[in-house]
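Whatever order the structure lists ligands and atoms in, that order sets their numbers, starting from 1. We number each residue from 1, following the sequence as shown.
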Amino acid sequence: MLNTTSAHLLYSLTYPIAYNIVKSIIVAIDGTSSTGKSSIAKLLAQKIDYTYIDTGAMYRAVTLLALQNNVFHSDGSIDEPLLQELLKKARIVFCNNSETGHSDMYLNGENVEKQIRTMEVSSHVSPVAAISWVRDELVAQQRAMGKNGGIVMDGRDIGTVVFPEAEMKVFMTASPEIRAQRRFKELQEKGIPATYEEILQNVRERDYLDSHRAVSPLKQAHDAYLLDNSDMTFEQEMDILIKIFNEKVS
Ligand code: DC
């Protein structure tokens, strides 16, 4: 098993980067849930020395805020005025974790990186992400974070809504079964309880809700590269991303 440093070194050797980089571009990585977007986007950012921004974590943090404050009614509907009040006062920020070298999500001063990945948050996030004023608020923050380029941002609407002018766009997908299997493994490794069946159901539900909502539905941008990684290794995916990146910056 490779540790992070040796894995990083290995990629450095396997995937040469164009050294005459002149542009600090925006890399938008969108796609269905649990496609491994964040893992590959994080490593790509590290490799090209860009900042990685996980926009899903922002929607998850708002959902956690809603759950912590009983914003969901028993019928599943949301008390929007209450959520709006809470969001106005909330501090949702990324802070660098010196141990992992990655950014962790903080909600009102507390590291909630683990809490936002639970099944409870996963099963409540879609209706929160479908509220237009929540999206307006988070999209404004995402644009401010990425305005100078030099970022790899992953989400659902980065190439279509947040940065339609992004120089590099990738749309990632894989079969629901493969995605559920990967997510199951990831949660097991993190010690977060969940069964494969409930994850598969959640993946299917979120696909439907994310792509059928009225505001910024999940869809492939016309100029995005479609990457179906069902039968690909991580190295093959990285190879493709680095090739596209090199073309865009050289
Ligand atoms: O990438 P993720 O699974 O952590 O995202 C959590 C949810 O947030 C997902 O179900 C859809 C929503 N989301 C969104 O609507 N727009 C984004 N840019 C990112 C995530």
Asker: Any chance the side chains of R179 and S230 put a donor and an acceptor closer than 3.5 Å?
Answerer: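 Judged by distance alone, the side chains do not pair up.
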Asker: Go through Y52 and F94 one step at a time and tell me if the ring-ring contact (aromatic ring centres under 6.0 Å, His included) criterion holds.
Answerer: CA-CA 10 Å; Y52 166 64; F94 289 107; 8.0 Å; no
Asker: Which residue and non-hydrogen atom of the protein lie closest to atom 18 (N) of ligand 1, and at what distance in Å?
Answerer: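 Here the closest protein heavy atom is D157 OD1, 2.8 Å.
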Asker: Do K88 and L83 make a side-chain contact, defined as non-hydrogen atoms from C-beta onward lying under 4.5 Å apart?
Answerer: no
Asker: Nearest to atom 1 (O) of ligand 1 by heavy atom, R156, M58, R135: which?
Answerer: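 Among R156, M58, R135, the closest heavy atom to atom 1 (O) of ligand 1 comes from R156.
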Asker: Quick check: does R213 get an N/O under 3.5 Å from an N/O on ligand 1?
Answerer: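 Yes: some nitrogen or oxygen of R213 is under 3.5 Å from one in ligand 1.
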Asker: For atom 10 (O) of ligand 1, what is the nearest protein heavy atom, given as residue, atom name and distance?
Answerer: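 Among all protein heavy atoms, the one nearest atom 10 (O) of ligand 1 is R206 NH1, 3.1 Å.
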Asker: Just by distance, with hydrogens left out, do Q201 and E197 show a side-chain donor and acceptor under 3.5 Å apart?
Answerer: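 No, no side-chain donor-acceptor contact under 3.5 Å.
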Asker: What residue and atom, counting heavy atoms only, is the protein's closest point to atom 8 (O) of ligand 1, and at what distance?
Answerer: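 Checking every protein heavy atom, the shortest distance to atom 8 (O) of ligand 1 gives Y59 CB, 3.6 Å.
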Asker: Closest approach of M119 and L187, non-hydrogen atoms and distance?
Answerer: SD-CD1, 4.2 Å
Asker: Looking at F72 versus H124, is the centre-to-centre ring distance below 6.0 Å?
Answerer: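 Yes - the distance between ring centres of F72 and H124 falls below the 6.0 Å cut-off.
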Asker: Would you mind running through ligand 1 and noting each atom that sits below 4.0 Å from a heavy atom of V125?
Answerer: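 Heavy-atom distances to V125 below 4.0 Å select 7 (C), 8 (O), 10 (O).
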Asker: Can you confirm whether the side chains of Q141 and E137 place a donor and an acceptor under 3.5 Å from each other?
Answerer: yes
Asker: For atom 19 (C) of ligand 1, what is the closest protein heavy atom, and at what distance to 0.1 Å?
Answerer: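 Ranking protein heavy atoms by distance from atom 19 (C) of ligand 1, first comes T55 OG1, 3.4 Å.
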Asker: Using a 4.0 Å cut-off to any heavy atom of A129, which atoms of ligand 1 qualify?
Answerer: 12 (C), 15 (O)
Asker: Checking the N or O distance criterion of under 3.5 Å, is ligand 1 in contact with D210?
Answerer: yes
Asker: Report yes if R60 has an N/O atom closer than 3.5 Å to an N/O atom of ligand 1; otherwise report no.
Answerer: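 Right, the criterion is met.
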